[in-house]
Chemist: 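Just passing along the structure, written as structure tokens.
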Amino acid sequence: MIRVLVVDDSRVMRQIVIRTLRQAGYDWEVREAGNGVEAMAAINDEEPDVVLSDWNMPEMSGMELLTTMRANGFETPFGFVTSEGSPQMREQAEAAGALFLIAKPFTPEGFREVIEPVLA
Amino acid sequence: MTTTTVDFASVFEIAQAVFAAMVDGDEGLLVPRDDVGAAIADPMVAWVNVHGPYPGRTALTTSSATAYTLVRALLDVPADTPMAQADIVDAFGEIANVVGGNVKSLLPGKGTLGLPHVGSSLPPTLDALVVVAPLAWRGEPLDIAVWFTQERGEEE
């Protein structure tokens, strides 16, 4: 069972990400958070195996979440799932310690491709 | 520096890819529309703004009825299953968000994408309308419009 935390301010997008994770395979134990603040609370409560986070959210963005996690000693594998995948954002994500960036729209195959190495 | 190429072809290509991946599983259901300029009745509009060296906006407009159908297709919800209005707004806004995010990827610079908004009309927008893509999704009118200013001097 892989414990994943899905972070997105859109409830609908969280559902779509979760649906896609299930289509991608594996046995997921899913928790959800609506922004970085909620995500940080969930991580403090129980560290997941992987965090999948939107970039652009109210309260605390995905980038702020990643920075806060690292500052608090959480080295949890982290990937962005965001509507923009420009080279600049990919560079920024990598520099901050994200393992991958999945640009929306995504497919189960796309998820599998980037998550498989993380879970290996 | 990336070349700025926001035109009908690039917007249509993005929209087709988004609809195929998220909604239809088939690129053939979103096509160019002939009746360019025809007003869309009872509109629902979803848009995202871009802030930075190329401030702009991407907006999707369709009828409320088509937006509901679109959202049901996105979420795989049968026509006779009630949906919360908040979920309809959320989902329609996310489609604009994904299209807008991909349009923004065509632009150089480090602009930031705002959060999606949904309403019955657009607030006042920038003068620099770049492209309107009059499309039809499953035969129903759906317009995608993109605005951005071309002030490259502030680019980081």
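Since we're looking at a predicted model, the values are computed, not measured. Within every chain, numbering begins at 1; the chains are lettered A, B, ... in the order of the sequence lines, protein sequences first and strands thereafter.
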Chemist: Are A:Val114 and A:Trp55 linked, directly or through other ILVMFWY residues, by side chains that come within less than 4.5 angstrom of each other?
Modeler: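 In one cluster: no.
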Chemist: Quick check for you: among B:Ala91, B:Ala21, B:Ala20, which has the greatest number of heavy-atom pairs under 4.5 Å with chain A?
Modeler: B:Ala91
Chemist: How long is the span from the CG atom in A:Asp54 to the CG atom in B:Asn97, to the nearest 0.5 Å?
Modeler: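 Going from the CG atom of A:Asp54 to the CG atom of B:Asn97 covers 7.0 Å.
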Chemist: Nearest 0.5 Å please: distance from the OG1 atom of B:Thr112 over to the CG atom of A:Asn56.
Modeler: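 B:Thr112 OG1 to A:Asn56 CG: 7.0 Å, rounded to 0.5 Å.
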Chemist: Tell me whether B:Asp34 at atom CG has more than 12 heavy atoms from other residues, nucleotides or ligands lying less than 6.0 Å away.
Modeler: no
Chemist: Same cluster or not: A:Val50 versus A:Met57, using hydrophobic residues (I, L, V, M, F, W, Y) connected whenever any side-chain heavy atoms lie under 4.5 Å apart?
Modeler: no
Chemist: Find out if a path of hydrophobic residues (ILVMFWY) with successive side-chain heavy-atom gaps under 4.5 Å connects B:Leu115 to A:Met89.
Modeler: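 Unlinked, B:Leu115 and A:Met89 end up in two clusters.
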Chemist: State, yes or no, whether a side-chain contact exists between A:Pro105 and B:Asn102 at a heavy-atom distance under 4.5 Å.
Modeler: yes
Chemist: Among the options B:Val103, B:Leu75, B:Asp76, B:Val71, pick out the one with the most heavy-atom pairs lying under 4.5 Å from chain A.
Modeler: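 Maximum pair count with chain A is reached by B:Leu75.
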Chemist: Could you tell me the separation between the CD atom of B:Glu94 and the CG atom of A:Asp9, rounded to the nearest 0.5 Å?
Modeler: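 Here the rounded value is 6.5 Å.
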Chemist: Is there a path of hydrophobic side-chain contacts, each under 4.5 Å between heavy atoms, that joins A:Met63 and A:Leu99?
Modeler: no
Chemist: Within this structure, what is the CD1-NZ distance for the pair B:Ile95 and A:Lys104, rounded to the nearest 0.5 Å?
Modeler: 12.0 Å
Chemist: Which heavy-atom pair separates A:Glu84 from B:Gly101 by the least distance, and what is that distance?
Modeler: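 For A:Glu84 and B:Gly101, the tightest heavy-atom pair comes out as CG-O, 3.4 Å.
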Chemist: Using a cut-off of under 4.5 Å on heavy-atom pairs, state which of A:Ser83, A:Ala103, A:Gly85 scores highest against chain B.
Modeler: A:Ser83
Chemist: Starting from B:Val18, can I reach B:Val131 by hopping between I/L/V/M/F/W/Y residues whose side chains sit under 4.5 Å apart?
Modeler: yes
Chemist: Inspect the surroundings of CD in A:Glu47 and state if more than 12 heavy atoms from other residues, nucleotides or ligands are less than 6.0 Å away.
Modeler: yes
Chemist: Side-chain contact test, heavy atoms from C-beta onward, threshold under 4.5 Å: evaluate it for B:Ile88 versus A:Val12 and give yes or no.
Modeler: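 They are not in side-chain contact.
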Chemist: What residue in B:Val48, B:Val98, B:Val99 has the most heavy-atom pairs under 4.5 Å with chain A?
Modeler: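 Ranked by contacts with chain A, first place is B:Val98.
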Chemist: Return yes when atom CD of A:Glu113 has more than 12 non-hydrogen atoms of other residues, nucleotides or ligands closer than 6.0 Å, and no otherwise.
Modeler: no
Chemist: Counting only non-hydrogen atoms closer than 4.5 Å, does B:Leu74 touch chain A with its backbone (N, CA, C, O), its side chain (CB onward), both, or neither?
Modeler: both
Chemist: How many angstroms lie between CG in B:Asp90 and CD in A:Gln15, if you round to the nearest 0.5 Å?
Modeler: 10.0 Å
